[in-house]
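Single-structure report; data block below.
Side-chain atoms are counted along with the backbone in the values below, which use heavy atoms only and exclude waters and symmetry mates.
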Amino acid sequence: GAGVSQTPSNKVTEKGKYVELRCDPISGHTALYWYRQSLGQGPEFLIYFQGTGAADDSGLPNDRFFAVRPEGSVSTLKIQRTERGDSAVYLCASSLRRDRVMFFGPGTRLTVL
Amino acid sequence: DAKTTQPNSMESNEEEPVHLPCNHSTISGTDYIHWYRQLPSQGPEYVIHGLTSNVNNRMASLAIAEDRKSSTLILHRATLRDAAVYYCILSYKLTFGKGITLSVRP
C-alpha cells in the first residue's frame with residue numbers, strides 16, 4: 001500500500017503570500033501529525049488530529065498557521081501572510097491511533113523569499 | 001512535556017555494534033519510548049519502541065533501564081546505511097530534539 005504522501009514537494013513563495021500544504025495519510029490511520037523541521041534541527045510538533053478534530057494544536061506558532069482535516073483523511077496546513085522565518089521542511093505523519101508507530105511523508109520544503 | 005536528552009553525535013566503525021543512549025528522567029508511567037532515524041532529505045523512519053521490557057526487531061534492539069529513566073538503542077552491526085540522525089522520543093506530544101548524528105566509518 002501507499003505510504004504518506006505530501007504535495008507539493010517544494011514550494012517557493014514570496015513574503016506575505018498564502019500557502020497550502022497537503023498531506024495524504026495512510027488509509028485507515030486515524031491519527032495525523034504535522035511537524036516543522038528547520039535546518040539542523042529535529043522535527044518540531046505543530047498539530048495533531050484524531051479523526052477530523054484537532055486534538056492538540058499547541059505547537060502552532062501563531063494564528064497565521066491553521067490546519068484542517070475535514071473528512072478524517074487528507075489534511076491541509078495553511079499559512080497566511082508567510083514570513084521568511086516560515087521557511088522549513090513541513091513533515092506530515094500518520095498512525096493507526098495516537099502513540100502507535102508513526103509513518104512520515106517525505107515533507108514539503110517551503111521557501112519564503 | 002516529558003523531554004529526552006541525547007549526545008549530539010557518535011562515531012562507529014562498520015560491522016561493529018553501536019550503543020546510542022537517551023535520557024528521559026521525567027518519563028511518566030504510561031510513556032512509550034520511541035526511536036526514529038532520519039536519513040538526509042527524507043522523513044523520519046520508525047526504528048523501534050518499548051515500554052518496560054527490552055525489545056528486539058530486525059533493525060535494532062532497545063534496552064530500557066529498570067527505572068525507565070534512560071534507554072539505549074543498539075545496532076548490532078553498523079553498516080554505512082545506518083549513518084543517520086537518531087531520535088529518541090516519548091509518546092506525549094511526540095516532540096523530537098536534535099537527535100544523535102551517527103557517523104559510520106568504513
For residues 63-76 of chain A, which side-chain donor-acceptor pairs fall under 3.5 Å, sequence neighbours excluded?
from	atom 1	to	atom 2	distance (Å)
A:Arg64	NH1	A:Gln80	O	3.1
A:Arg64	NH1	A:Arg81	O	3.2
A:Arg64	NH1	A:Asp86	OD2	2.8
A:Arg64	NH2	A:Asp86	OD1	2.9
A:Arg64	NH2	A:Asp86	OD2	3.3
A:Arg69	NE	A:Gly72	O	3.3
A:Arg69	NE	A:Ser73	O	2.9
A:Arg69	NH1	A:Thr30	O	2.6
A:Arg69	NH1	A:Gly51	O	3.0
A:Arg69	NH2	A:His29	O	2.9
A:Arg69	NH2	A:Gly72	O	2.9
A:Ser75	OG	A:Trp34	NE1	2.9
A:Ser75	OG	A:Val68	O	2.9

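- Using non-hydrogen atoms only and a strict 4.5 Å limit, no part of residues 74-86 of chain B faces chain A.
- Residue pairs meeting the side-chain hydrogen bond (donor to acceptor under 3.5 Å, both in side chains) criterion with at least one partner in residues 5-17 of chain A, sequence neighbours excluded, are absent.
- Linking ILVMFWY side-chain heavy atoms closer than 4.5 Å, directly or via other members, places A:Val101 and A:Val4 in a single hydrophobic cluster.
- Using a 4.5 Å cut-off between side-chain heavy atoms of Ile, Leu, Val, Met, Phe, Trp and Tyr, with links allowed through other members, A:Ile47 and A:Phe104 fall into different hydrophobic clusters.
- A continuous path of ILVMFWY side-chain contacts below 4.5 Å connects B:Val18 to B:Leu62, so both sit in one hydrophobic cluster.
- The hydrophobic cluster containing A:Val89 also contains B:Tyr87, counting ILVMFWY residues as joined when their side-chain heavy atoms lie under 4.5 angstrom apart, directly or transitively.
- Few gaps surround CG on A:Leu113; more than 12 heavy atoms of other groups in view lie less than 6.0 Å from it.
- A continuous path of hydrophobic side-chain contacts links B:Ile33 to B:Val55 [ILVMFWY only; heavy atoms under 4.5 Å].
- When the heavy atoms of residues 36-51 of chain B are compared with those of chain A, the residues falling under 4.5 Å are B:Tyr36, B:Gln38, B:Gly43, B:Pro44, B:Tyr46, B:His49, listed by number.
- Heavy atoms from other residues, nucleotides or ligands lying under 6.0 Å from CZ of A:Arg109 number 12 at most.
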